[in-house]
Structures are given as C-alpha cells and as structure tokens.
Amino acid sequence: MASQYQEYNQLNLPQIGKEVLQQWEAQQAFEQSVTLREGATPFVFYEGPSSAYGMPGIHHVISRTLKDLVCRYKTMKGFQVKRKGGWDTHGLPVELGVEKSLGITKEDIGKKISIEEYNDTCRREVLKYKDKWDELTQKMGYWVDLKHPYVTFENNYIESLWWCLQQLYKKGYLYKSVSIQPYSPAAGSGLSSAELNQPGCYKDVKDTTVVAMFKAVEGDRSRFLFEAAGTDQVFFLAWTTTPWTLPSNLGLTVGANIEYALVRTFNPYTHLPVCVILAKDLVDRHFKKEGEDGDFANYKEGDKIIPWQVLSVFRGSQLENIRYEQLLPYVQPEEGDPFRILIGDFVTTEDGTGIVHTAPAFGADDNRVGKKYGIGILTLVDKQGKFLDTVGEFAGRYVKNYKDDPQYKDVDVDIAVKLKKENRAFKVEKYEHSYPHCWRTDKPVLYYPLDAWFIKTTALKDRMVELNTTINWKPAFTGTGRFGNWLENMVDWNLSRSRFWGTPLPIWRTEDGSEEKCIGSIEELNAEIRKASEVLGGDVNKHYLHQGILDLHKPYVDDIILVSADGKPMRREPDLVDVWFDSGAMPYAQWHFPFENKDVFEQNFPADFICEGVDQTRGWFYTLHVLGALLFDSVAYKTVVSNGLVLDKNGVKMSKRLGNIIDPFKTIEELGADATRWYLVTNASPWDSMKFDTDGIKEVQRKLFSTLYNTYNFFAMYANLDNFSFREAYIPLQQRPEIDRWIISVLNTLVKEVTTYLDDYEPTQAGRVIQEFVDEHLSNWYVRLCRRRFWKGEYEHDKISAYQTLYECLEKVAQLMAPVSPFFAEWLFGNLNKVGQRSTAASVHHTDFPVTVAEAIDNELEERMQLAQDISSLVLSLRKKVNIRVRQPLQKILIPVLNPHMQVQVQKIEHLIKSEVNVKGIDYLTETEGFIKKKIKPNYKALGSKMGAKMKAVAAAIAAFTDADITVLERDGVYNLLIDSEQLQLQLSDVEIISEDIPGWTVANKGALTVALDITITPQLQDEGNARELVNRIQKIRKDSGFELTDRIMVKVAASDTLKSAIIHYNDYICTEILADSLEIVPQLQDGTEIEVNDLKFNVLVNKKS
RNA sequence: AGAUCCGUAGCUCAGCCUGGUUAGAGCACUACACUGAUAAUGUAGGGGUCAGCAGUUCAAAUCUGCUCGGGUCUACCA
C-alpha cells in the first residue's frame, strides 16, 4: 500500500498506455476479468473472423473499440464475457495473392505447381500479418482471446462445417443445379451475390452498344408485317450492351402488352431502305422528329435528317413465335427450336428498343425465358472468357481484356463493324452504364452457365424475415431497411467455388449422378474410406487406410473414392464452399460443435451482441442469420451494431491509391489509444460514417484527458500534504457541505445516464455526458470553487469531506470511462486506489460498474446550483462590462425574485455566489412595482393552442403592454384583451414576465433571471481589494522563487500611502494567505521585487524563513 | 433506374420524434482578463437564406411533397 499519491509532471497518454499494458500483462488482467466472473450469467459475444492477410487499418480500430467497450462494460456489469478471437483464412484474396507472388495463374495450379504445394503456400501466407494484428489488438487495448482463436482452415473447424452442410443436406436444403451466375474469368471463379455486392463492384464503364437488326422470316404469323411493309426487308431491332453475346443469340423477347411499331426508314450506315420494328414508346428515342413522314424519294447518303414513317402498330403478343434469321450464323444449338420471338415479363420500354436480345447462356432472364420456349442454349465463350474456335473470325479472342493485354482489341467493336457492313446494325454507340466487376481482379464479370451447389435459403425466407424482427439493430433502419429488403429479395445461396484453398464440399457422387453421399464428420469419412477400399479393392484409398484422413483440404479429399450402395465408385464434387459459409458457421465451428463442447455451445448461442462494419450487412450478418435459421430455427445474434465507414478528414473514402490511409499504429503511438478510442466513439454515432481527423483526437486529449489529469494532480498534491488516504469513515452526505452534495448528486445522475446509454448501445451519448461532467461540472465548477478548501485550514471535517468527495468523483469517473478509455481509466483508478484502498480489485476492469445511489440525487440542489452558475456568470460579465476585476470586492448584488421558491433556492447557495464573484451580500427584490422595468412576452406554447388564428393579434397586443398593464395582470392574475372586438382573457401562465432593467443599476439578464450589481467601491472595499492584489503579487513571488507550498515567509513592503491602510487593516488576512510570519511596512527598499498594484509601483522583499 | 439515410457557423456535432421567445455547444479566429489546476480557465465578439422550392399551420430547422447535392444499398434489364 502506497502512502502517497503518485504525482506527475505532464500528461503522456501513450506512456500511460504502455505502462498499463505491462501491468495487464503481468497480472493477466484480461484472463482474470473472465475467470473472476466464473459462474455469472454469460454475455455472449461473437468476434467476426478477421483476415490476417492484409494490414489492419484505422477502420478496424473503430469496430474493435465498439466491441471492446461493450464487452468491458458488460463484464463490469457482472456478466461473464468470453471473447474468442478468430481468423478467416480461406478464400480468393489469399489465392490471388499467392498466385501473384508465385508468378502463376489459376491454370498452372496442378500443373506447374502441385495443389499440395500451392495450398501449403496459402496456409503459410494467410496469417502473414497476424503479428501486426495481434500487436494492434494489444496496443489499442482490445481484450480478446488471442491465445485460443478459432482458425477456419483447421480440421476441427472444417469438420464442424461439414456437419452443418450435412444437416442442411439432410433437411433437403442443399441441391445442385445449372444456373446462370456471375462468373469472373479473370479469377476463374463463380461469385456469390454477396461478393458481387461488395462496395465498389459496380462500376460505370463505357461499352460499345449495338442496336442489331434481326431479319424477320415471312410466314403465316408474320405475314401482316410484310403486307404492311410492302417489302421483305423487315427487321426486329434489339439493343445490347454486350455485343459479344450476339453470336449466342437464340431468341428475341417482347412484352405481351407493349405496343410495337413497324417503321419505314433507311439504315443510317448502309442507307438501304428498311422496315424496322421497335416499341412504339421508344420510336422518338431512335428517330428525329424532323424526319417524320419525310421525303423518302429524295433521301440520299449523308443527309442529316433520315425520313421515317410509322406504318403499323400492334401488340407484342401478336409477334409471338415469329421467326427471324440468325444474326451471326457461326454455330447452331444442338437441340431446341431457336430464332423466334418470345414473350417475357421482364421486358420494359425504359431503354433500348423494347425487344430484348436473348442469349440463354449469358443472362438469368434469358435463360429462364429460353427454357420456357425450348430454344436451346449456345455457349460460345469458354471459361477463360474467350470465343470458342467455332466462332469464325472471332475465334480465340477474349470478350473483355482479361489478360491486361496492352494490344487488346475490343471484340465488341469488331462485331459492331461487321454488323454495320452487313446491314445488320441500326445504331452503334458508346454507352456508359454500371456493370459488375470482380471484387478481387477488378475485371468485368460475365454471366455464365455453371454447375453449382445451392442452399435453398428461399425455402425459409418468411421465417428469416420473422426472426429478423426480433433482432435489435443499431441503428434500427439498417435492420428493417437494408437487411429487411435483402431478406425479402433473397435468392438461393450459391455455395460453389471452383478454387483450391478452401473448405471442400463433402459430397461424393457416382459418375452418372444417380447416387450421392454427404459426409458429416471425419469419423464417417474414414469409415467410408475403409468400406470403399474393401468393396472396390485395388489401390483405392490405400494412403488413407492406416491413419484415416489427416487434412480435410484439397488435394487429399479428392484422392478419396467412396462407394455407392450398389458398388459404384463415387468421386467428390470438385467445388469448394463459399468462404462466407466459413464465417457464417462460426458460432458452431469455433467450438468444434457438435464433436466437442456441446455444453459450451449451448451456453453461447445465440450471441447477445455482435458488431462489424455496415458492409457486413449482406456478408457476415446475413450468413450468420441464414445458418442460425436453417440449422436451429433461431436468430444467431440478438443485438447487432453496424458501424459506418471511416473517411478521411475531407470526407473521402480512405484508399491506398489516394494515400489518405491513416496508420493506426502511428496514431496510437503518438496520441495514445485512449484518446483515439474516445474520439472515435464520441465524435459521431458509430453508424454514421465518420470523418477521421487527428486534430479531433488532440482536442479530446486536451479537453477531456488533460482536464481530468489536472484534476487528479491537483487532488494528489494536496491529499499528499494532508496525508489523506480515505482512512476516515465515509462521511454521510447529509453531513457534507452543499457543494459536495451537489457534485455527488450530479455524479449519480451521470451514472444513471451512462448506464442507460450503454445498455442501449449508445456509447456516443455515454461518452459525451461523461465529458461534459468532467469539464463543466467537476473541473470548472466543483474544483474551482473548492480550491481553497483543499489548501486552507486544518485537516478536519470540511477538508476531509472535500477530499472524500473529489476522490469519489475521480474514482467513479475512472470506472465510468473504463469501457471506452481502458488505459487512462486504469491509470487513474490505480493511482487513487493504491493509496485509498477502497477496492480490492487489481484492475478497474474487474470492479463492478458504479450504481446510481438514488438518495444521493437531489434535483432541487442541482437546480439551484445551476442558478448559482448562471448568477455568477452574469455577475462576472457585469464586472467585465464596468472593468472591475474579481479581486476587488463589491458590496452587493440585487436579484429580483420571481417566486418564493427561487429565493429559497438562491439563499442556500448564497455563499458560493459571494465567494465566486467576490461580493459581500445578496439582496432580494420581491416588491418590485415601479422599481424594476419589466418585459412581457407571450408564452407561445400555452397561448398558441388557445388562441389559434388570433395568435398574431394577441402577440401584438402583449407587445404593446405598458408597465401598468403588466402590474394589473400580475395583481389580478388575469387580463382582458379586446381583439377584433372580441373579449379574450389572458392568464398569468399565458405570458412570461421578466425583469429587464433596474434603473440606476448595472443589470444583466439570462432568460428570466436578472442580476444587478452594486459597483460602488467604498474606501474599505478599496482596502480589501488592495490587500487581495498584494496577496496575489506575493503569491506570484513565492511561486517564482520556487518556494514550497508550506514554506513560511517574512515580507517587507515599501508601500505608498494609499496602500498602507490596506496593509494595516488586513495584515492578518494577508499573512494567512501568503503564509507570512511577518508583514512590515518599511519606508524604502533597495532590493526585493518591484510589483504593481492599481498602477502604483513599489518594492517587496520576500524571504523564506529558515 | 429504384430504395434508404443525410444536408444546421470555417470545422465536428446538438436540436427535429412531440412545431412555439433572439437556432445552440465545442474547436478555430479576435480582444480583454486570470495565473499555487497552467499543454488549463473566464468574459466578450465576429461568424447561420437551418441545401432549395412549395404546402399544412396563428407559428416550420422541426410536419408533408418536390428539386438539388452527398453517402450507402438494391437491381442488373437488353
């Protein structure tokens, strides 16, 4: 136990951080914070898996601060909060990174490098910044279990995932299907909708678009067109932004109820006469008004205005099944009846021509309508994104520049040129639209027919929507809006990824697909391995017979052949599982459920609280929800906080490219984790995107931490002098002075507010009220007013009361702020507790969060202290106005009281006001008639509802009130107004009457409060003022001479006559203040210090008494 | 293209739900003061078409609609 409070020379937050970190390390503070709560109600928190493949940034600090503060708070509230860290280790980022570092592409894997070696590299590389992450975790004060994290590539983890998949399989939620999916040729992988919904995936790009002309074939159904046209040159116009899909065109889709027009005109490129069909509503978009019914006979090449004429109008339904000639006849489909007009409900007349070019291979809508009509399918582009050899002059060309080839020529342009030449293009232009890009490679995505495994999430859509309504979303609109909409529009979850480093799909199939097995555990797989070996014989699974399977990754799982019930070999479906499944199954897999820890899992599901960036809404938040609902018919989390983006100080998103990334290590090193955390939490609500500015952190440092530090240091200095160590009994509040009871009351109100805010996951509000308390109430009022109590007088009741009060404030503030600024709180709490010994806890984070003492809250007291502050502020501003400094005592102030209650209130805090503003007394004015000039204002809120439309006239009438009118109203309580010859009765409560001025006095107002100051300085007041000035000067000399606080001195003054009186009359006072044993007036002084009091200069000699 | 959130002082934010006096705070700036809390503090000052327009109302920063600007999301549809 220390006997003295540690005092400091200056505040060094980063240094405090380092010291506290060492302390925590030494005493295992985090581990203790969990074990000390053994047996308590658990508060379940899930840590979203982080990827240690990239460096942590400042945006990681914000969400981790939120997570940490909630967990620390709940711990202090008595819950046991286990926090298992986790690493997200699979997925495309690592794979692409490894490909790049090895200088290979996807095609090389399994050829130039074995899958085994490749995956080993991924495994090695994926945690390459783990140390940096751990370091940040530590330095920012994020308490999370880093020693036993879950790691998604570990066998146990994958085994749990397999178990989950098998559950889904058994429930019939897992199925295989061909579908048109977003596919990234550059990454060689299909993309999930979640991946496609990563921010920034949709980019505005300029593509070559073509309005292509599909030549109608004359037949029974189309005869009406040819008859109206009078020519065989009849074309359907269809617009496409992806001309490379045109060779695969098999149909044209129109809307059944859309009106179409047959238009006679000329082809603008070939100038040949043609008749074209397009939606009637879109005719204006494609033809200039001036050309309508123009001069066809005299049209010639080069004319700006092309004549056109609507020949006929008809509905889309009339066009169904009309045939047309294949546009680019390289290949025909093997089956189906293509090249017809189809009817589809997705056709609009928003843009294009109202006729949709339909290539079943490259669009989801196209595929659907194509299947319905049986037009077959043509997939003339391979998985690398290039045309097949069969596509004539375009064979082998990439449809987009997937290889970063500087010589790349746009195929779309060449197709457009070809069509132009062949009289098959009606319009070719560049068009800017947004198009999805692969989030890793930044290359455009294709929609491509792929085999894939899906989770039938749509089957439980309604249940998921229902469960979502029970989740507490912060902010609420993310849950109802963003997440709610997403659930409403959900599609089945495409699980398949054709990559190498990830969780393998545990499904084995016979070659003909007639039988399949979904494996749910390692044990089951090993049994199947042995069975297959026995049934199939030979070398089957021979490497896996002895020890079973040791690594659940590729390539090992692919070696394994299982056997079907009727003895046929089964091979694994080659896909990996979407990494989002890894993270979504984390509640189960982190505990290796159900193979181990069944009880632990049951206690820890669902989570009470999770928190991540808002970008996880469709990511982790969604996959957790899906699996919770599908596997356990439960939510996976009860409360979710989504934090917004961190922008730079100009509101621009941080990116490496712009170089506006904030290095969290540097920030913490220079400004301290506490100030950084405090700033991040209090500057804006977590879910608003925040503009990060280090100047803001500096402000927090000055405003909050520096103030609190100064307050502590002030306390420590005097407490050490008086040996205050809280050894005396706690003085009951009733026995403490008014001001002590006041600050304790405010403190308890604060505890209540902070608790409410934190319970409601509103840390921003909590931080702001703490800050206000420290700055406004504790430092700028309590300490300022009580300074003398700490350094004057004997160590007895009043002084001990002051120490106990300030100690308690500091101690509780330390606890209240501990969740947000854990280091400083620890430092402050520790410094106090080392001497005070009020708590046996080794850390502030092991203590119980302060609880409001309801009896300590005194609203009347808080109200009158507010009055004291307002009155003081008014008097100070009056002094300023007339230039009388506070050290000059004045006789009195005058306060007109509005009601008896107010007078009682002010009287109780009279002494505070008097000492604060240095006046001798306060006079109250109750009978004010004729003395005070009053001002009357309508109470709009009360009057408005009564008067309604007459309000304006009433307000004008009130504004015209004379003093006499006001007196009448005050005396009678009512006043009769005549407005538009109507009698209206005015009540006293309908108006506000304030004392505006007291003639002959210097007056100031704030709201209804009025204060007048007597500025007469009598000779006696002058003396006292002079005495105080002298004290002030000598104190300065003491300080400048480097005397100790307790040193006694002897003083000689060569004062002029005007000062003598003050020195004589206030000799005792002066000596007490300056700790002087003697104060002499001498005629002359050679040495000493020259000082000035009220423009008089003279010398003072101050000697320390030896 | 739609949905949604947002727009208040040079900057960061309150106030809006529940309409009502002269729209607030902090930072920054200016001036003065204070100096045994001093990397603080006090007082005063400048700084606002509350994005714009219209409506409802006696009364709109606040409620409604539209427009503009920004963010986020959804959709990819030629």
K.L.:
Check every atom of B/G42, B/G20, B/A33 against the side chain of A/Arg885 and return the nucleotide holding the closest atom.
P.N.:
B/A33

K.L.:
Want to settle it: does A/Leu778 or A/His357 sit nearer the 5' end of RNA chain B, counting the closest nucleotide to each?
P.N.:
A/Leu778

K.L.:
Would you mind pulling out the nucleotide paired to B/G46, Watson-Crick or G-U wobble, both distances under 3.5 Å?
P.N.:
none

K.L.:
Check whether any side-chain N or O of A/Tyr782 sits under 3.5 Å from a backbone N or O of A/Cys809 as a donor-acceptor pair, and report yes or no.
P.N.:
no

K.L.:
We want to know whether A/Asn918 and A/Gln888 form a side-chain donor-acceptor pair, criterion being a heavy-atom distance below 3.5 angstrom.
P.N.:
no

K.L.:
Report the residue (A/Tyr940 or A/Asn683) whose heavy-atom-nearest nucleotide on RNA chain B is the more 5′ of the two.
P.N.:
A/Asn683

K.L.:
Between B/G65 and B/U72, how far is it from one C1' atom to the other, in whole Å?
P.N.:
24 Å

K.L.:
Round to a whole Å and report the spacing from CD1 of A/Ile884 to C1' of B/U43.
P.N.:
15 Å

K.L.:
When you compare B/U8 with B/A61, how far apart are their C1' atoms, in angstrom units rounded to a whole number?
P.N.:
7 Å

K.L.:
For atom C1', what is the distance between B/A59 and B/U18, given to the nearest Å?
P.N.:
16 Å

K.L.:
Regarding A/Lys703, tell me which of base, sugar-phosphate or nothing describes its non-hydrogen contacts under 4.0 Å with the strands shown.
P.N.:
sugar-phosphate

K.L.:
Between A/Leu810 and A/Leu806, is there a side-chain heavy-atom distance shorter than 4.5 Å?
P.N.:
yes

K.L.:
Give one of base, sugar-phosphate or nothing for A/Arg787, where a contact means two heavy atoms less than 4.0 Å apart.
P.N.:
base

K.L.:
Taking pairing as Watson-Crick or G-U wobble with both contacts under 3.5 Å, can you name the mate of B/A33, or confirm there isn't one?
P.N.:
B/U41

K.L.:
Using a cut-off of strictly less than 4.0 Å, decide whether A/Asn710 has a side-chain nitrogen or oxygen near OP1 or OP2 of B/A39.
P.N.:
no

K.L.:
Would you indicate, yes or no, if B/C34 has its OP1 or OP2 atom less than 4.0 angstrom from a side-chain nitrogen or oxygen of A/Arg1033?
P.N.:
no

K.L.:
Please report, rounded to the nearest Å, how far the P atom of B/G26 is from the CZ atom of A/Phe705.
P.N.:
20 Å

K.L.:
Starting at CD of A/Glu772 and ending at P of B/U12, how long is that distance when rounded to a whole Å?
P.N.:
22 Å

K.L.:
From the options B/C76, B/G20, B/A44, select the nucleotide whose nearest atom is closest to the side chain of A/Tyr447.
P.N.:
B/C76

K.L.:
For a 4.5 angstrom cut-off between non-hydrogen side-chain atoms, does A/Trp473 reach A/Phe621?
P.N.:
yes

K.L.:
Does OP1 or OP2 of B/C34 have a side-chain N or O of A/Asn1032 closer than 4.0 Å?
P.N.:
no

K.L.:
For B/C16, what is the paired nucleotide under Watson-Crick or G-U wobble rules, both distances under 3.5 Å?
P.N.:
none

K.L.:
Under a 3.5 Å cut-off for both contacts, is B/G65 paired Watson-Crick or G-U wobble with anything, and if yes, with which nucleotide?
P.N.:
B/C53

K.L.:
Would you tell me if any nitrogen or oxygen in the side chain of A/Ser873 comes within less than 4.0 Å of OP1 or OP2 on B/U43?
P.N.:
yes

K.L.:
Using the C1' atom as the point on both nucleotides, what is the distance between B/C50 and B/U30, in whole Å?
P.N.:
26 Å

K.L.:
Taking B/U38 as the reference, what is the distance to B/G46 when you measure between their C1' atoms (whole Å, please)?
P.N.:
28 Å

K.L.:
May I ask you to decide if A/Tyr8's main-chain N or O and A/Tyr709's side chain share a donor-acceptor pair within less than 3.5 Å?
P.N.:
yes

K.L.:
Can a donor-acceptor pair under 3.5 Å be found between the side-chain atoms of A/Arg1038 and the base atoms of B/G36?
P.N.:
yes

K.L.:
Rounded to whole angstrom units, what separation is found between the CD atom of A/Gln701 and the C1' atom of B/G26?
P.N.:
17 Å

K.L.:
Given B/A14, B/U41, B/A28, identify the nucleotide with an atom nearest to the side chain of A/Arg702.
P.N.:
B/A28

K.L.:
What does B/C27 pair with, Watson-Crick or G-U, if both distances are under 3.5 Å?
P.N.:
B/G10

K.L.:
Let's see if you can work this out: which of B/C27, B/A37, B/G36 has an atom nearest to the side-chain heavy atoms of A/Gln1035?
P.N.:
B/G36

K.L.:
Report the base-pairing partner of B/U22 (Watson-Crick or G-U wobble, both distances below 3.5 angstrom), or none.
P.N.:
none

K.L.:
Quickly work out the A/Tyr718 OH to B/A37 P distance and round it to whole Å.
P.N.:
5 Å

K.L.:
Considering only atom P, compute the distance from B/C63 to B/G15 and round it to an integer number of Å.
P.N.:
12 Å

K.L.:
Please work out if A/Glu699 contacts a base, only the sugar-phosphate, or nothing of the nucleic acid, heavy-atom cut-off 4.0 Å.
P.N.:
sugar-phosphate

K.L.:
When the distance from CG of A/Asp775 to C1' of B/G42 is rounded to whole Å, what number comes out?
P.N.:
13 Å

K.L.:
Hey, does A/Tyr679 have a side-chain heavy atom less than 4.5 Å from the side chain of A/Thr694?
P.N.:
no

K.L.:
Is the A/Trp678 ring parallel, tilted or perpendicular to the A/Phe705 ring (thresholds 30°, 60°)?
P.N.:
perpendicular

K.L.:
Here's a test for you: under ring-ring contact (aromatic ring centres under 6.0 Å, His included), which of A/Trp244, A/Tyr447, A/Tyr183 qualifies with A/Phe362?
P.N.:
A/Trp244

K.L.:
Once you apply the 3.5 Å cut-off to both distances, tell me the Watson-Crick or G-U wobble partner of B/C73, or none.
P.N.:
B/G2

K.L.:
B/U57 and B/U41: how far apart are their P atoms, nearest whole angstrom?
P.N.:
50 Å

K.L.:
For nucleotides B/C27 and B/U21, find the distance between their P atoms and express it as a whole number of Å.
P.N.:
26 Å

K.L.:
Expressed in angstrom and rounded to an integer, what is the separation of A/Ile958 atom CD1 from B/U21 atom P?
P.N.:
14 Å

K.L.:
Please determine whether any donor N or O and acceptor N or O are separated by less than 3.5 Å between the side chain of A/Thr707 and the base of B/A37.
P.N.:
no

K.L.:
Looking at A/Arg784, I'd like to know whether one of its side-chain N or O atoms comes within less than 4.0 Å of OP1 or OP2 on B/U41.
P.N.:
no

K.L.:
Any base atoms under 4.0 Å from A/Tyr782, or only sugar-phosphate, or nothing? Heavy atoms, all strands.
P.N.:
nothing

K.L.:
Write down the distance between CG (A/Asn643) and C1' (B/U72), rounded to a whole number of angstrom.
P.N.:
14 Å

